[in-house]
Amino acid sequence: MIVMSIISTKGGVGKTTKAANLGGFLADAGLRVLMIDLDIQPTLSSYYKLHSMALCGVYEFIATNEQSLDKLISKTSIDNLDLIFSNDDKGQLNTLLLHAPDGRFRLKNLLPIFEQHYDVILIDTQGARSITLEMAILASDRLISPVTPKTLAAREFRRGTVQLLDDMSSYRHLGIELPKIEMLLNKVPTVSNNAKLIQSMLRSLFKDQMGIKLLNSISPKLEAAYESAAIKALPVHRVEYKKPVSRKAPAAIDIIRDLAIELFPHWESKFLAVTGKNVGVKHVS
């Protein structure tokens, strides 16, 4: 089981959209996927229609250590894609975890109950520094951080997300190695020819920063495709499965497939089966 958190201390970078659509694609590839919504704004929780809604949500899971899957797991309309919904709209978990002896380790200690049931757990987090964000980081094998293609956004990423990981480096004294941050260049304008230049700038900016990797995959700003998918409550690859004639950017299905292959190369054959194309990640030199 792989636990991946989508993190950023800045809001509006596309965490929830990426979590929902990556989860939908992985599920369509036949993987068993659980999404956990740790954001107090429960956008991920309402992204897909639910076939069945559990009695409990993330509050009961974290606050009361609820471990009954029958009470925790909501079934989405997408086969193989389950959800623990957000029901902490007042942000009470932050206060509770702050005063709990195992606060930052609570999620890490609870996740083993899902080991036999899921291949991937995707955790959506709040776009602000908090103890719940630190808890998600400590529970994760992988960290993905969307970054928009702006110099100021890159600087904010360094001041916020990177600084948070630096501040948490003391956990190494407990034998805990934090996951590397994998940056995803997100919301790149489709009319822009500067994607490679932006990638080069980011690589230069963070080349001496340990624990940071810039993904080769690039996610264009496909507002119409993502909006249409959200309205239909479907993963974007089901909605845009071929490139519009008038656009240079690839189809959404190709973009999400290439990202999935880069993140989980050992499942490449499953991802190619979804798209029906023998095409992998296009690496940027």
Could you walk me through whether Glu134 and Met168 pass the side chain to side chain contact (heavy atoms under 4.5 Å, CB included) test, one step at a time?
-> CA-CA 8 Å; Glu134 293 182 33; Met168 294 178 66; 3.8 Å; yes

Just by distance, do the side chain of Asp102 and the backbone of Arg106 share a donor-acceptor pair under 3.5 Å?
-> no

With hydrophobic residues grouped by side-chain heavy-atom distances under 4.5 Å, do Val236 and Ile255 end up in a single group?
-> yes

So do Thr161 and Val147 actually touch side chain to side chain, heavy atoms under 4.5 Å?
-> no

How far apart are the closest heavy atoms of Ile6 and Pro146, and which atoms are they?
-> CG2-CD, 3.9 Å

Apply side chain to side chain contact (heavy atoms under 4.5 Å, CB included) to Asn80 and Leu31, showing your working.
-> CA-CA 7 Å; Asn80 301 316; Leu31 299 175; over 6 Å; no

Could you walk me through whether Leu185 and Met183 pass the side chain to side chain contact (heavy atoms under 4.5 Å, CB included) test, one step at a time?
-> CA-CA 6 Å; Leu185 194 56; Met183 297 170 60; over 6 Å; no

Would you indicate whether Gln41, at its atom CD, is surrounded by more than 12 heavy atoms from other residues, nucleotides or ligands within a distance under 6.0 Å?
-> no

Scan residues 40-77 for pairs that pass ring-ring contact (aromatic ring centres under 6.0 Å, His included), counting only residues two or more places apart or in two chains.
-> Phe61-Phe114

How many angstroms lie between CD1 in Ile73 and CG in Leu34, if you round to the nearest 0.5 Å?
-> 4.5 Å

Taking all non-hydrogen atoms of both residues into account, name the closest pair between Ala229 and Pro235 and its distance.
-> CB-C, 4.2 Å

Side-chain heavy atoms of Ser52 within contact of Lys75, under 4.5 Å | yes

Indicate if Ile256 and Met4 have the same hydrophobic cluster label, given that clusters are the connected sets of ILVMFWY residues with side-chain heavy-atom separations under 4.5 angstrom.
-> yes

Can you label the angle between the Phe105 ring and the Tyr171 ring as parallel, tilted or perpendicular, going by 30° and 60°?
-> perpendicular

Atom pair CG (Leu215) and NZ (Lys213), whose distance is rounded to the nearest 0.5 Å = 6.0 Å

Check for a donor-acceptor pair, side chain of Asp119 on one end and backbone N or O of Ile2 on the other, with a separation under 3.5 Å.
-> no

Is any side-chain heavy atom of Ile36 closer than 4.5 Å to a side-chain heavy atom of Leu111?
-> yes

Atom NE2 of His237 and atom OG1 of Thr275: how far apart are they, to the nearest 0.5 Å?
-> 9.5 Å

If you count the non-hydrogen atoms of other residues, nucleotides and ligands that lie under 6.0 Å from CD in Glu115, is the total more than 12?
-> yes

Closest heavy-atom pair and its distance - Glu262, Ser217 | OE1-OG, 2.6 Å

If you round to the nearest 0.5 Å, how far is CG of Leu259 from CZ of Phe264?
-> 8.5 Å

Would a 4.5 Å heavy-atom cut-off, applied to side chains only, mark Asn186 and Val13 as touching?
-> no

If you group Ile, Leu, Val, Met, Phe, Trp and Tyr by side-chain heavy-atom gaps below 4.5 Å, do Leu69 and Ile121 land in one group?
-> yes

So among Thr43, Asp124, Thr125, which one has a side chain to side chain donor-acceptor pair (under 3.5 Å) with Thr16?
-> Asp124

Here the gap from Ser140 atom OG to Met135 atom CE, rounded to the nearest 0.5 Å, amounts to 9.5 Å

Tyr118/Val3 under side chain to side chain contact (heavy atoms under 4.5 Å, CB included): CA gap, chis, key distance, verdict | CA-CA 10 Å; Tyr118 296 99; Val3 181; over 6 Å; no

Heavy-atom donor-acceptor pair, Arg32 side chain to Gln116 backbone, under 3.5 Å | yes

For residues Leu165 and Ile212, determine if any side-chain heavy atom of one lies less than 4.5 Å from a side-chain heavy atom of the other.
-> no

Is a side-chain donor or acceptor of Ser8 paired with a backbone partner of Gly127 at a separation under 3.5 angstrom?
-> no

Other residues, nucleotides, ligands: >12 heavy atoms within 6.0 Å of Lys10 NZ | no

Give the minimum heavy-atom separation between Ser45 and Asp37, together with the two atoms involved.
-> OG-OD2, 2.7 Å

Judged by atom type as modelled, is there a donor-acceptor pair below 3.5 Å linking the side chain of Asp39 to the main-chain atoms of Leu44?
-> no

Flag, side chain of Glu240 to backbone of Ala225, donor-acceptor distance under 3.5 Å | no

Roughly how far, to the nearest 0.5 Å, is CG of Leu178 from CZ of Arg172?
-> 6.0 Å

Heavy-atom closest pair (Ser145 atom, Ile7 atom, distance to 0.1 Å) is OG-O, 3.0 Å

Linking I/L/V/M/F/W/Y whenever their side-chain heavy atoms sit closer than 4.5 Å, directly or via other members, would Leu93 and Leu107 fall into one cluster?
-> yes

Path from Ile40 to Leu133 over hydrophobic side-chain contacts below 4.5 Å | no

Are any of the side-chain heavy atoms of Arg238 and Ile78 separated by less than 4.5 Å?
-> yes

Gln126 side chain near Leu38 side chain, heavy-atom distance below 4.5 Å = no

Compare all side-chain heavy atoms of Phe271 with those of Leu26 and state whether any distance is below 4.5 angstrom.
-> yes

Counting only N and O atoms by type, is there a donor-acceptor contact under 3.5 Å from the side chain of Ser169 to the main-chain atoms of Asp166?
-> yes

Kindly say whether Leu184 contributes a backbone atom to a donor-acceptor pair with the side chain of Glu182 at under 3.5 angstrom?
-> no

Answer yes or no: are there more than 12 heavy-atom neighbours, outside Asp167 itself, under 6.0 Å from its atom CG?
-> yes

Between Lys187 and Gly12, what is the shortest heavy-atom contact and its length?
-> NZ-O, 2.8 Å

